[in-house]
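A short write-up of the structure that comes next.
As a basis for the values below, the full set of heavy atoms in this structure was taken, side chains included, without hydrogen atoms, waters or symmetry mates. Computed from a prediction, not measured in an experiment: that's the story for all the values here. Each chain gets a letter, A, B and so on, in the order the sequences are listed, and its residues count up from 1.
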Protein chains: 2
Amino acid sequence: MLTQKAKYAIKALIFLAQNKGLVKTKDIAEKARIPKKFLESILLELKSHKLVASIQGAAGGYYLLEEPSGITLALIYRIFEGPIALVPCASMNFYQPCSDCEDEQSCQIRAAMIRVREQTLKVLESITIQQMVDGEDKQQA
Amino acid sequence: MLTQKAKYAIKALIFLAQNKGLVKTKDIAEKARIPKKFLESILLELKSHKLVASIQGAAGGYYLLEEPSGITLALIYRIFEGPIALVPCASMNFYQPCSDCEDEQSCQIRAAMIRVREQTLKVLESITIQQMVDGEDKQQA
DNA sequence: ATTAATTCTACCAAATTAGTAGAATATAAA
DNA sequence: TTTATATTCTACTAATTTGGTAGAATTAAT
């Protein structure tokens with residue numbers, strides 16, 4: 001399951017995609033029903049990953065840096081949830097040896113989990129913010 | 001990522017699959033390197049879901065109730081991690097409306113997440129304990 | 001200067017995770 | 001029938017994560 005934070009991030013990105021140009025945090029918070037203070041920290045995180053940029057000051061706000069069609073669920077997932085793999089030793093972007101692993105090369109779980117990660121990654125990379133904006137019906141073709 | 005508990009459960013199930021018949025908790029704990037007390041609670045949980053059964057007393061132990069080829073990662077995931085879907089409103093087995101949802105029917109996130117769940121479920125159902133026992137090379141065919 | 005926005009620093013309560021301790025119960029064997 | 005050893009049940013606990021909030025500092029347009 002996604003954390004609330006990741007879900008808010010998706011909602012915020014959808015809102016930014018639907019409102020091209022500069023948007024105030026306050027507007028996103030109200031229209032997308034996200035606690036404003038919490039949203040601020042989420043936007044900063046998105047900014048640090050170059051998905052959005054901001055302008056400070058009274059006429060400031062946030063805007064998308066990437067095409068909505070280029071923002072995949074895989075990308076968002078990795079920012080807010082970390083590894084897509086089910087075990088650290090099967091991760092591409094967050095590889096870590098498992099704490100209790102004896103021999104990684106012969107690990108039966110790891111081999112299976114790498115296959116799971118490969119498939120899951122395909123799925124998460126196939127879903128984009130643009131698709132969510134367009135809605136389900138436009139996926140048919 | 002899987003919790004440690006789920007990972008231990010998989011290790012325990014692999015061990016039981018490789019050692020047909022009655023196996024003592026102590027043996028599983030030592031050979032699969034799982035903290036014994038923690039393992040006990042995991043085995044009880046597997047028992048309550050009818051994946052294993054036990055015999056009490058001095059000559060007791062645990063044994064598999066299901067064919068290793070019938071124990072899918074999806075099944076294990078649901079027992080120890082809960083929903084496979086990324087949001088509660090997209091879950092089959094653990095459906096719940098999202099706390100902040102305005103209109104489920106028109107929710108752009110839900111539509112996408114249902115597609116993710118459908119694909120993810122296929123992946124998790126395609127991986128079984130038997131496959132992990134056999135090892136990666138035997139998956140080629 | 002005032003106003004209104006982003007940014008930064010620091011909290012905080014509740015839930016989850018990864019266990020442990022110890023008693024109770026069941027059963028095989030001496 | 002005692003003893004040894006196994007499962008089972010009840011109750012804790014420390015550390016981490018989650019989902020926020022509060023308030024001050026900074027930035028920039030009017």
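- Going from atom CZ of Phe80(B) over to atom P of dT16(C) covers 17 Å, rounded to whole Å.
- Counting only heavy atoms from C-beta on, Ala58(B) has its side chain closest to dA28(C) among dT21(D), dA28(C), dT20(C).
- Minimum atom distance to the side chain of Leu44(B) is reached by dC9(D), of the listed dC9(D), dC8(C), dA26(C).
- Following rounding to the nearest Å, Leu22(A) (CG) and dA28(D) (P) show an atom-to-atom distance of 13 Å.
- Here Glu66(A) does not pair with Lys50(A) in a salt bridge; the nearest charged N to carboxylate O distance is not below 4.0 Å.
- In this entry the distance linking CD1 of Ile34(A) with P of dG19(D) reads 13 Å, nearest Å.
- With dG20(D), dT27(C), dG19(C) as the choices, the nucleotide that has an atom nearest any side-chain atom of Gln4(B) turns out to be dG19(C).
- Nucleic acid contact for Ile55(B): sugar-phosphate only, since backbone atoms but no base atoms lie under 4.0 Å from a heavy atom of the residue.
- Contacts of Lys5(A) with the nucleic acid, taken as non-hydrogen atoms under 4.0 Å apart, involve only primed sugar atoms and P, OP1 or OP2.
- The pair Glu40(B)-Lys36(B) counts as a salt bridge, with a side-chain nitrogen and a carboxylate oxygen less than 4.0 angstrom apart.
- At a threshold of 4.0 angstrom between heavy atoms, the contacts of Lys47(A) are confined to the sugar-phosphate backbone, with no base atom among them.
- Leu16(B) approaches Tyr62(B) most closely through the heavy-atom pair CD2-O, 3.7 Å.
- The separation between Leu39(A) atom CG and dT21(D) atom P is 11 Å, rounded to whole Å.
- Of the candidate nucleotides dA28(C), dT7(D), dG19(D), dG19(D) has the atom nearest to the side chain of Thr3(A).
- Between the P atom of dT20(C) and the CD1 atom of Ile42(B) lies a distance of 11 Å, rounded to the nearest Å.
- At whole-Å resolution of the value, NZ in Lys24(B) and P in dA26(C) are 18 Å apart.
- Of the residues listed (Cys101(B), Pro97(B), Cys98(B)), the one engaging Cys89(B) in a side chain to side chain contact (heavy atoms under 4.5 Å, CB included) is Cys98(B), and it is the only one.
- Remark: the backbone N or O of Val23(A) is not paired with any side-chain donor or acceptor of Asp27(A) at under 3.5 angstrom.
- Using a 4.0 Å cut-off, no side-chain N or O of Tyr8(A) falls inside it from OP1 or OP2 of dG19(D).
- Distance, Glu40(A) CD to dA25(D) P: 16 Å, rounded to whole Å.
- Across all strands, Ser41(B) comes closer than 4.0 Å to no nucleic acid atom at all (heavy-atom distances).
- Remark on DNA chain D: of its neighbouring residues Gln56(B) and Phe38(A), the 5'-side contact belongs to Gln56(B), judged by nearest-heavy-atom nucleotide.
- Side-chain N/O atoms of Thr25(B) include one lying less than 4.0 angstrom from OP1 or OP2 on dT7(D).
- Nearest-nucleotide positions on DNA chain C place Gly57(A) closer to the 5' end than the other of Gly57(A) and Lys36(B).
- The base of dG22(C) sits within donor-acceptor range of the side chain of Lys37(B), with an N or O pair under 3.5 Å.
- Comparing dT21(D), dC9(D), dG19(C) by their closest approach to the side chain of Pro35(B) singles out dG19(C).
- OP1 or OP2 of dT8(D) lies within a sub-4.0 Å distance of a side-chain N or O belonging to Ser54(B).
- Here Glu81(A) does not pair with Lys5(A) in a salt bridge; the nearest charged N to carboxylate O distance is not below 4.0 Å.
- Between the P atom of dA18(C) and the CE atom of Met1(B) lies a distance of 10 Å, rounded to the nearest Å.
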